[in-house]
Student: 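This is the structure I want to talk about, given as structure tokens.
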There are 2 protein chains.
Amino acid sequence: MRQPVEDLDPQSAANVAETLQALATPSRLRILAKLRAGPLPVTELAEAVGMEQSAVSHQLRLLRTLGLVTGTRNGRSIIYRLYDNHVAQLLDEAVYHSEHLRLGLTDR
Amino acid sequence: MRQPVEDLDPQSAANVAETLQALATPSRLRILAKLRAGPLPVTELAEAVGMEQSAVSHQLRLLRTLGLVTGTRNGRSIIYRLYDNHVAQLLDEAVYHSEHLRLGLTDR
DNA sequence: AGAACATATGAAGATGTCTTCAATTATGGG
DNA sequence: CCCATAATTGAAGACATCTTCATATGTTCT
């Protein structure tokens, strides 16, 4: 069990919000989900999620800046992967709870 | 331990993104954090987080629509509370992982 | 019913976000 | 060295989001 959030000062709230923002678009969620399954170079990622390569690259920059993913060059390509297990867990938990909340929405 | 996210079709991604969007602004995070500590009427909430009543009300509508909070009228006021424990957990976990990710960011 | 309090709502403006297009940088092979 | 491939970058447009201000709705009390 996690420590309950007692309060959230404006600064912390801003930090958390910034990180969560990274998980708050379909495109980035799909990118992260793919990376959750294993490292991928940008081109393959783009193909896998059905986005333009440039769009993926822009989103990867955001995710990199926020520390959610890392890219390491390998020859011509750059292999992206989730930064660490916290990202994977956060993703799993977000999906899990979202699904449950959505269930609650339908039967009301 | 949670079920790993294997893949995320566009529709599911959109659903999850919509829910996470609700946690992706400082103002809503602070509102939710306050409610995590206990139910509150709008005015007190507004005061507690230092926002205008109208702004809080607008955000509460969003949170209500997404099923994260519920409001029950009690006399003149309407008491808001988190919808269920999934919301509380999601909030806790989001804060927890965000903090850890931010730590990883600084020492690089 | 009228006054006062609590909340919701709508419209509008400022700001932010996402994608696309075009151009640029980086790497490896012939 | 030049070409093809891989990825990044910047600018711009379309669109969404958040707050504010003004107004409306609902509730209680006298």
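To find a chain, count down the sequence lines: A is the first, B the second, and so on, and within it residues start at 1. Not measured: the values here are computed from a predicted model.
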Student: Between A/I78 and A/R73, what is the shortest heavy-atom contact and its length?
Tutor: CD1-NH2, 3.8 Å
Student: Spell out protein contact along nucleotides 11-22 of chain D as letters: B when the base is contacted, S when just the sugar-phosphate is, - when no protein heavy atom is under 4.0 Å; keep the 5' to 3' order.
Tutor: B------SSBBB
Student: D/dT8 phosphate, OP1 or OP2: any side-chain N/O from A/Y80 under 4.0 angstrom?
Tutor: yes
Student: Hydrophobic clusters here meaning ILVMFWY residues chained together by side-chain heavy-atom distances under 4.5 Å, can you tell me if A/Y96 and A/L103 are in one?
Tutor: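 They do not share one cluster, since no chain of ILVMFWY contacts under 4.5 Å joins A/Y96 to A/L103.
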Student: Restricting to non-hydrogen atoms, name the atom on B/A48 and the atom on B/R30 that form the minimum distance, rounded to 0.1 Å.
Tutor: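 Heavy-atom minimum between the residues: O-NH2, 4.3 Å.
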Student: Along DNA chain C, 5' to 3', what are the outermost nucleotides having an atom less than 4.0 Å from a heavy atom of chain A?
Tutor: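 Here the contact window of chain A covers C/dC18 to C/dG29.
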Student: Please confirm whether the shortest side-chain N or O distance from A/R61 to OP1 or OP2 of D/dT8 is below 4.0 Å.
Tutor: no
Student: What are the two closest heavy atoms between B/V5 and A/A33, and how far apart are they?
Tutor: CG1-CB, 3.9 Å
Student: Of all heavy-atom pairs between A/A22 and A/L66, which one has the smallest distance, and what is that distance?
Tutor: CB-CD1, 3.5 Å
Student: Between A/K34 and A/E44 (salt bridge meaning N to carboxylate O under 4.0 Å), is one present in this structure?
Tutor: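 Here A/K34 does not pair with A/E44 in a salt bridge, since their nearest N and O are not under 4.0 Å apart.
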Student: Ring-plane angle category for A/H97 and B/H86, please: parallel below 30°, perpendicular beyond 60°, tilted otherwise.
Tutor: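 The rings of A/H97 and B/H86 stand perpendicular, inter-plane angle above 60°.
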Student: Can you find a pair of side-chain heavy atoms, one from A/L23 and one from A/L68, that are under 4.5 Å apart?
Tutor: yes
Student: Might you point out which heavy atoms bring A/T70 and A/Y83 nearest each other, and give the distance in Å?
Tutor: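 The pair with the smallest heavy-atom distance is CG2-CD1, 3.5 Å.
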Student: Provide a list of protein-nucleic acid N or O atom pairs under 3.5 angstrom, restricted to nucleotides 23-28 of chain D.
Tutor:
none

Student: Shortest non-hydrogen contact from A/Q59 to A/R28?
Tutor: OE1-NH1, 2.9 Å
Student: For a quick check of understanding: with a heavy-atom distance under 4.0 Å over all strands, which category does A/S77 fall into, base, sugar-phosphate or nothing?
Tutor: sugar-phosphate
